[in-house]
Amino acid sequence: MATAASLYETYNRAPLRFERGEGVWLITENGERYLDFAAGIAVNSLGHAHPHLVEALKAQADKVWHLSNLYEIPGQEELSKRLTEATFADRVFFTNSGAEALECAIKTARRYQYSKGHPERFHIITFEGAFHGRTLATIAAGGQEKYLEGFGPKAPGFDQVPFGDVDALNAAITDATAAILIEPVQGEGGLRPASKEFMKKLREICDEKGLLLILDEVQSGVGRTGKFFAYELAGIKPDIMAIAKGIGGGFPLGACLATEEAASGMKPGTHGTTYGGNPMAMAVGNAVLDVILGEGFLQHVNDVALVFRQGLESLKDRFPDVIEGIRGEGLMLGIKTRVPNVDFVGVARDEHLLTVPAGDNVVRILPPLTVSAEEVRDGLARIEKVAEKLTELKLKKSA
Ligand SMILES: *Cc1c(COP(=O)(O)O)cnc(C)c1O
């Protein structure tokens, strides 16, 4: 049997080999079924093997797989039109991943300031606990030592301030500042939503000082929070936004969205990609939007999210030794645990429930947005068992 010995050792992988998926379920080579409330870390927004996505991909596969961006690509025109009609944006650049969408966002902001006669304005203010990807620029943007260590000098032009701290933010703004970059709900950082007031304040500060507001909605976007995008919760609009994960439903797809004004520096030749916006990705992205923007879909997300949230809150009350708090928005949920979060994730896996650890000792729950109320209750019953087991273990240890 093949083993992982030929792979980079960058991942500590769970010993699970999934062969196929059906909706919210993943099925191993041995036929064991797991309730997938990790969804490839918020990627499988419509679950596994969604018939509409499968059909869209197969139909495109019979026509043409790849076309260079040297030619017109109708799928890009359609998807960008739909994204701009449903958001603040006027322009879209397609990528293959979240980090590339962020790279485009950073370049767009710097280029905007440059084209307005301010080449010295290239600094971007970001927030502690942020995660923006693993490229050299995006690890500098995230600013987390654990991702920067050993990779040479941190790329210049990224200044971190504490999450939610207006005074620190104001103090960090200089004549070299181009933009502010924030996740409206921190994902890796531990499911921390920025308050509406803070998001409004960011918009105000940007308007006042001629800065661009960049949102990283790679994880929080495309219906995850119960809104099409999380910025709607705060009633503000960004200038630039990076998206990925859920928009591809499992196909590698990201995008950078911008207003006409913010994108005005991005002239022919300033940026490019080989695969970004490839016809296969466009077919799937458009199919994802057929469902997510379909009538009643976001209402469904809000309805099941409420069931989930209430269930989790009541488990928190019943198992205070294991669960400290519940956080997040919509179906982007976090359980702050009083045991190591990786222990919780491990015991959940024993209960055939997949979850994801996050920073700040949080367990992330990111089910497919298609999850039914009944499947949510199934998940809650498994989480209850996990909390029971971990409470017993804790009692044994302290005895
Ligand atoms: C996952 C993620 C990224 C990076 O996306 P990749 O596709 O892994 O490059 C960036 N920002 C946020 C908020 C994410 O959750």
Side-chain angles (χ1 to χ4, degrees), residues 8 10-11 38-45 93-109 124 126-144 146-148 151 155 158 160 163 179-194 199 213-225 227 229-231 233 238 240-257 273 275-278 281 284-285 288 327-334 355-360 362-367 369:
Y8 263 41
T10 48
Y11 286 103
I41 317 191
V43 166
N44 301 101
S45 47
F93 183 95
F94 290 110
T95 68
N96 313 290
S97 67
E100 285 168 288
L102 263 305
E103 290 271 347
C104 179
I106 293 161
K107 287 177 77 174
T108 301
I124 295 177
T126 67
F127 295 89
E128 287 169 10
F131 181 82
H132 298 300
R134 299 294 202 108
T135 62
L136 289 169
T138 54
I139 56 175
Q144 298 200 40
K146 65 177 175 185
Y147 297 136
L148 286 160
F151 294 116
F158 298 97
Q160 279 80 38
F163 191 68
I180 297 171
L181 164 61
I182 188 168
E183 296 157 83
V185 185
Q186 281 194 345
E188 303 285 329
L191 279 291
R192 283 196 295 177
M199 295 297 288
L213 180 58
I214 310 173
L215 297 185
D216 178 348
E217 292 229 30
V218 168
Q219 199 165 143
S220 61
V222 199
R224 178 59 50 191
T225 65
K227 293 282 185 191
F229 287 101
Y231 70 80
L233 293 165
I240 302 172
M241 179 168 75
I243 72 171
K245 293 196 167 110
I247 185 67
F251 200 91
L253 169 59
C256 176
L257 283 64
T273 165
Y275 289 116
N278 143 316
V284 179
V288 167
R327 11 161 124 166
E329 291 282 358
L331 287 176
M332 189 174 178
L333 290 163
T355 58
V356 194
D360 203 23
V362 165
V363 175
R364 261 185 286 186
I365 308 210
L366 305 161
L369 306 181

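In listed order, ligands and their atoms are each counted from 1. Atoms considered below: every heavy atom in the structure, side chains included; atoms not considered: hydrogens, waters and symmetry mates.
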Item to complete: Start with the C-alpha gap between R224 and L331, add the side-chain angles, then the distance that decides, and say whether side-chain contact (heavy atoms from CB on, under 4.5 Å) holds.
Response: CA-CA 6 Å; R224 178 59 50 191; L331 287 176; 3.8 Å; yes

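Protein residues having a heavy atom under 4.0 Å from any atom of ligand 1 are S97, G98, A99, F131, H132, G133, E183, D216, V218, Q219, K245, listed by chain and number.
Salt bridge E188/R364: present, at least one basic N to carboxylate O contact under 4.0 Å.
For Y275, the ring pair (Phe, Tyr, Trp, His ring centres under 6.0 Å) partners are H66, not counting sequence neighbours. For Y231, the ring pair (Phe, Tyr, Trp, His ring centres under 6.0 Å) test picks out F88, with sequence neighbours left out. Qualifying ring pair (Phe, Tyr, Trp, His ring centres under 6.0 Å) partners for Y147, counting only residues two or more places apart in sequence or in other chains: F131.
Side-chain atoms of T273 and E100 include no donor-acceptor pair closer than 3.5 Å.
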